[in-house]
There are 2 protein chains.
Amino acid sequence: MRVDTPDIYEDLKRRLMNATLRPGHKLKPSDLQGDYGCSANTVREVLHRLVTIGLVEFEAQRGFRVRAVDQSIFNDVTRFRILLEQEGAERSMEKGGVAWEMHLNAAHHALVHIQTRILKAGDMEPFRALWSEAERHFHETLISACGSALIRRTHANIYLQFRQQMMTLTEEFGGAYFGMIAAEHQQILDAALARDAAGCARAIEQHLRRNIREAA
Amino acid sequence: MRVDTPDIYEDLKRRLMNATLRPGHKLKPSDLQGDYGCSANTVREVLHRLVTIGLVEFEAQRGFRVRAVDQSIFNDVTRFRILLEQEGAERSMEKGGVAWEMHLNAAHHALVHIQTRILKAGDMEPFRALWSEAERHFHETLISACGSALIRRTHANIYLQFRQQMMTLTEEFGGAYFGMIAAEHQQILDAALARDAAGCARAIEQHLRRNIREAA
DNA sequence: CCTGTCAAAAATTTCGAAATTCCGCGCTTT
DNA sequence: AAAGCGCGGAATTTCGAAATTTTTGACAGG
């Protein structure tokens with residue numbers, strides 16, 4: 001199979017987020033080279049880019065490894081995501097106009113639509129990629145009017161790390177899960193559109209806190 | 001001159017923070033190669049690492065450039081630094097023990113010491129590197145007990161970006177400058193040791209807000 | 001005079017191999 | 001038997017050059 005650099009990047013990212021590549025697993029350019037039909041140096045560069053977004057770890061003279069996953073790291077990632085999302089949402093509520101409201105509404109609508117389909121089918125698997133993308137899009141839209149490139153970029157990276165940790169730690173989504181988070185997304189949306197900063201911060205915190213478990 | 005990879009990294013970082021390398025300037029591996037007596041690929045890797053911490057920008061097929069600097073970017077960096085430092089300080093005040101208090105006191109003492117020497121000499125230049133390091137150390141110690149690797153790492157990167165922006169935008173430090181920031185560092189220290197979260201957040205905000213100028 | 005095309009030059013990216021460094025394993029020594 | 005040493009294989013890092021892509025600049029056409 002022959003692919004170019006951006007494809008290798010996307011494919012490795014996907015494998016990391018699926019937890020197909022397990023945490024701590026060594027990522028040897030010489031092995032991956034075979035998967036993609038390119039030179040080891042090209043893989044090396046892609047891995048460096050994945051280090052940038054926090055999905056891969058690197059140590060000089062010791063190579064690359066899949067980012068470690070455990071509950072305490074997941075807690076850290078989750079708390080940081082709460083911080084970024086609260087701040088991003090608050091600033092968006094200050095600065096966002098009607099265009100932002102429309103985009104947020106649309107993103108929420110798409111998310112609800114997919115969740116309905118999943119509940120009907122009684123099986124998430126065929127929709128996992130779609131749902132994942134819709135959820136990501138809702139949360140990114142929420143903070144999209146914050147006016148800070150740094151917050152948006154950092155949040156995007158943290159969101160990927162969040163997914164990687166979550167996919168590894170919780171292998172399945174329960175059925176009740178969707179009911180709860182559907183209500184929570186609705187709360188976030190309502191507070192955001194009402195420009196209720198405190199309420200929105202509370203809703204974001206509730207939505208994400210479930211992932212934090214002390215005494216890891 | 002022959003140096004190894006970590007040295008190239010440190011030297012380029014230094015040149016970027018000094019604003020010796022001006023924003024937007026193209027960083028051609030083939031040129032830098034001559035400065036360090038290594039292959040272009042080695043420089044390339046170092047530049048990728050500098051992208052990770054935000055001092056260098058990269059665009060596929062178009063190479064590397066020194067990170068852009070302007071007032072609006074500096075505003076963004078500063079606001080983000082305020083957010084991280086407030087959160088880091090608040091968590092440190094919750095979790096930090098007597099060891100943290102001692103380290104923070106020591107860091108502040110060292111900073112005051114250097115500032116006294118600068119005021120006596122009436123010239124910052126010989127002490128710039130020392131002062132710079134002491135100031136960085138104080139702010140990093142402030143958040144060092146926060147218990148979040150993510151906050152600390154992100155803050156470290158943002159601090160470097162802050163310096164790069166500042167060194168480019170404000171070429172000189174006024175004399176009055178030190179008087180003000182000395183008082184501000186004292187306020188941050190006092191509030192932190194008193195575990196006064198709100199006061200500490202206010203002090204941090206005041207300390208950093210001076211760098212924000214609207215209507216860039 | 002402006003615009004679009006095309007070839008030459010320059011820069012970036014990729015490559016395969018050489019050089020270096022690390023790691024496991026058996027050996028010796030105490 | 002435990003600890004230290006050194007060898008051999010494997011992985012990482014570096015290199016110089018080839019291949020690809022972008023940029024430049026001149027020239028023809030509108």
Side-chain angles (χ1 to χ4, degrees), chain A residues 1-16 19-69 153 157 164, chain B residues 1-16 19-69 153 157 164:
Chain A
M1 179 194 356
R2 194 64 166 72
V3 293
D4 60 353
T5 305
D7 293 338
I8 300 175
Y9 178 82
E10 289 303 325
D11 188 62
L12 270 177
K13 193 163 90 175
R14 191 181 48 71
R15 288 166 73 181
L16 287 162
T20 308
L21 293 166
R22 304 298 296 185
H25 182 265
K26 227 160 172 329
L27 295 164
K28 283 180 277 210
S30 43
D31 291 354
L32 270 35
Q33 172 181 7
D35 296 0
Y36 299 111
C38 68
S39 117
N41 264 2
T42 302
V43 176
R44 189 180 164 76
E45 169 152 341
V46 169
L47 289 172
H48 262 301
R49 303 254 279 285
L50 291 166
V51 170
T52 302
I53 61 175
L55 261 34
V56 167
E57 290 171 343
F58 170 77
E59 204 177 349
Q61 316 288 6
R62 291 164 132 260
F64 300 88
R65 286 177 177 281
V66 178
R67 171 79 186 273
V69 170
R153 189 165 41 229
N157 292 344
Q164 181 186 37
Chain B
M1 175 192 2
R2 194 63 164 73
V3 293
D4 60 355
T5 306
D7 292 338
I8 301 175
Y9 178 81
E10 289 303 324
D11 188 62
L12 270 177
K13 192 163 89 175
R14 192 181 48 70
R15 289 166 72 182
L16 286 163
T20 308
L21 293 166
R22 305 298 295 186
H25 182 265
K26 226 160 173 330
L27 295 165
K28 284 179 276 210
S30 43
D31 291 355
L32 270 35
Q33 171 181 9
D35 296 0
Y36 299 110
C38 66
S39 115
N41 265 2
T42 304
V43 176
R44 188 181 164 76
E45 169 151 342
V46 169
L47 289 173
H48 263 300
R49 304 256 278 285
L50 291 166
V51 170
T52 301
I53 61 175
L55 261 35
V56 167
E57 291 170 343
F58 170 77
E59 203 177 349
Q61 315 288 9
R62 293 163 131 260
F64 300 89
R65 286 176 177 282
V66 178
R67 171 79 187 271
V69 171
R153 188 165 42 228
N157 292 345
Q164 181 186 38

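Below, read A as the first sequence line, B as the second, and so on, with proteins coming before strands; counting in each chain starts at 1. Values reported hereafter were calculated over all heavy atoms of this structure, with side chains retained and with hydrogens, waters and symmetry mates removed.
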Can you tell me if the side-chain N/O atoms of [X] get under 4.0 Å from OP1 or OP2 in [N]?
{"X": "A:S30", "N": "D:dA10", "value": "no"}
{"X": "A:R62", "N": "C:dC23", "value": "yes"}
{"X": "A:K26", "N": "D:dT12", "value": "yes"}
{"X": "B:T42", "N": "D:dT13", "value": "no"}

Give the rounded distance in Å between these two atoms: [atom1] of [X] and [atom2] of [N].
{"X": "A:R44", "N": "C:dC15", "atom1": "CZ", "atom2": "P", "result": "15 Å"}
{"X": "B:F58", "N": "D:dT22", "atom1": "CZ", "atom2": "C1'", "result": "13 Å"}
{"X": "A:E59", "N": "D:dT12", "atom1": "CD", "atom2": "P", "result": "12 Å"}
{"X": "B:N41", "N": "C:dG16", "atom1": "CG", "atom2": "P", "result": "14 Å"}
{"X": "A:L32", "N": "D:dT12", "atom1": "CG", "atom2": "C1'", "result": "15 Å"}
{"X": "B:H48", "N": "D:dT14", "atom1": "NE2", "atom2": "P", "result": "14 Å"}
{"X": "B:R49", "N": "D:dT14", "atom1": "CZ", "atom2": "C1'", "result": "14 Å"}
{"X": "A:H25", "N": "D:dA11", "atom1": "NE2", "atom2": "P", "result": "12 Å"}

(request) Examine distances only and state if a side-chain atom of A:R67 and a backbone atom of A:G54 form a donor-acceptor pair shorter than 3.5 Å. (result) yes

(request) List the steps and the verdict of side chain to side chain contact (heavy atoms under 4.5 Å, CB included) for B:L12 and B:L47. (result) CA-CA 9 Å; B:L12 270 177; B:L47 289 173; 4.1 Å; yes

(message) If you assign A:Q61 and A:Q33 each to the DNA chain C nucleotide with the nearest heavy atom, which residue ends up on the more 5' nucleotide?
(response)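 Nearer the 5' end of the strand: A:Q33.
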
(request) Please work out if B:A60 contacts a base, only the sugar-phosphate, or nothing of the nucleic acid, heavy-atom cut-off 4.0 Å. (result)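 Sugar-phosphate, no base atom in range.
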
(message) Less than 4.0 angstrom from a charged side-chain N to a carboxylate O is my criterion; do A:E45 and A:R49 meet it?
(response)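 Salt bridge between A:E45 and A:R49, a charged N being under 4.0 Å from a carboxylate O: yes.
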
(request) Name the orientation class of the two ring planes belonging to B:F58 and B:F64 (parallel below 30°, tilted from 30 to 60°, perpendicular beyond 60°). (result)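 Ring orientation of B:F58 relative to B:F64: tilted.
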
(request) Between D:dT14, C:dT14, D:dC15, spot the one nearest the side chain of B:T5, thanks. (result) D:dT14

(message) For B:L16 versus B:Q164, what's the shortest heavy-atom pair and its separation?
(response) O-CG, 3.7 Å

